[in-house]
Amino acid sequence: MDLRRPVSKSMRRLPRSFFERPTLEVARDLLGRRLVRLIRGHRISGRIIEVEAYIGEDDLASHASVGRTARNAAMYGPPGHIYVYMLYGRHCCLNIVTEPEGFPAAILIRALEPEEGLSWIARRRRGIRIQDWLRGPGRVCAGLGIHRALNGHDLCAPDSQLWVEWGKPIPNDQVASSPRIRVRGDLLARTRPWRFYIRDHPLVSR
DNA sequence: GGATCGATCGGCT
DNA sequence: GCCGATCGATCCG
C-alpha cells in the first residue's frame, strides 16, 4: 500500500475538474468538504458550512464587474486557484476560482466548522468564543493563516499548503440558499440566492 | 496626488 | 445594535 496516499476518499484532495464546473454547482457542492491548511507539518482544517458565489462581469456584486484589473486578475485565472483580497484594511477574504480560465467567477468561503488543529487556532484566536473562530470570511483567513501573499495560489498543486478534501457531502434537503450578505445596490445583485449554507447549522454566520 | 469606499470584525453601549 | 478601525484599489482631476 502506498502510505503517501490517503486511505479514505474523505481525505483525498479535490481535483481541478471539481472547480471547472458552473459556479453555482460548485458552490453548493463545496458544503461539507474540508478546507485544509498545512503549517509546519500541522493540519488545520474545517468543514465548509457557508459560501457565496460571484459569477461573471454581469454580476454587479462581484469584483469582476469593473472588468479585469490587477486586483481581480486571479478571478479570471484557472479554476482551483484562489483569489485573496483585503477588505476594510484589516481583513482578508478567501475565494476559490471556478469555471474555465478566462471567465471571472469565484466562491467566497464564509464559514467553517473547526475540525483539526484546534489548539493552533486557539492560540491565534485568543479571547474569541470557539463558535466564532471560523465564522465569517475574515475569521476563516485569520484562523487558517491565509494572507494576501497567497493570492493566485493553486489549491491543486501537489506541493500546495492549502487544499480542499472530499469530506462528507451534504444531502440536498440540508442545503439552504439566500441572497448574499451585505450586497447592496443593484436589484439583481442583491436578490440573487447565491449564498449557500447548511440549514440549521449553529455556526453559520448571521 | 487626494478622496472615497468596501463581499468585516470586535468592542462597547 | 452601533461605530470606529485601517489600507489597498479605484476613480477623479
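Proteins get letters first, then strands, A, B, ... in listed order; numbering begins at 1 in each.
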Student: Counting only side-chain N and O atoms of A:H63, is one of them less than 4.0 Å from OP1 or OP2 of C:dA9?
Tutor: no
Student: Heavy-atom contacts under 4.0 Å between residues 119-128 of chain A and DNA chain B, which residues?
Tutor: A:R125, A:I128
Student: If you look at every strand shown and take non-hydrogen atoms under 4.0 Å, does A:N95 touch a base, only sugar-phosphate, or nothing?
Tutor: base
Student: Using whole Å, report how far CE of A:M75 lies from P of B:dA7.
Tutor: 12 Å
Student: Using atom OH of A:Y54 as one end and atom P of B:dA7 as the other, report the distance to the nearest whole Å.
Tutor: 7 Å
Student: Does any donor-acceptor pair link the side chain of A:Y85 with the base of B:dA7 at a separation under 3.5 Å?
Tutor: yes
Student: Measure from CG on A:D59 to C1' on B:dA7 and round the result to the nearest Å.
Tutor: 10 Å
Student: With the threshold set at 4.0 Å, does a side-chain nitrogen-carboxylate oxygen contact exist between A:R43 and A:E116?
Tutor: yes
Student: Given the rule that a pair is Watson-Crick or G-U wobble with both distances under 3.5 Å, how would you write DNA chain C in dot-bracket, using | for pairs to a different strand?
Tutor: |||||.||||||.
Student: Would you indicate, yes or no, if C:dT10 has its OP1 or OP2 atom less than 4.0 angstrom from a side-chain nitrogen or oxygen of A:T69?
Tutor: yes
Student: Which letters describe nucleotides 3-8 of chain C, given B = protein heavy atom under 4.0 Å from base, S = only from sugar-phosphate, - = neither?
Tutor: --BBBS
Student: Between atom CH2 of A:W166 and atom CG of A:D29, what is the distance when rounded to the nearest 0.5 Å?
Tutor: 7.5 Å
Student: Is the distance from OP1 or OP2 of B:dG10 to the nearest side-chain N or O of A:R139 less than 4.0 Å?
Tutor: yes
Student: Would you mind telling me which of A:R47, A:R33, A:K168 makes a salt bridge (Lys or Arg N to Asp or Glu O under 4.0 Å) with A:E113?
Tutor: A:R47
Student: Taking atom types as modelled, find out whether A:R28 and A:S177 have a side-chain donor-acceptor pair closer than 3.5 angstrom.
Tutor: no
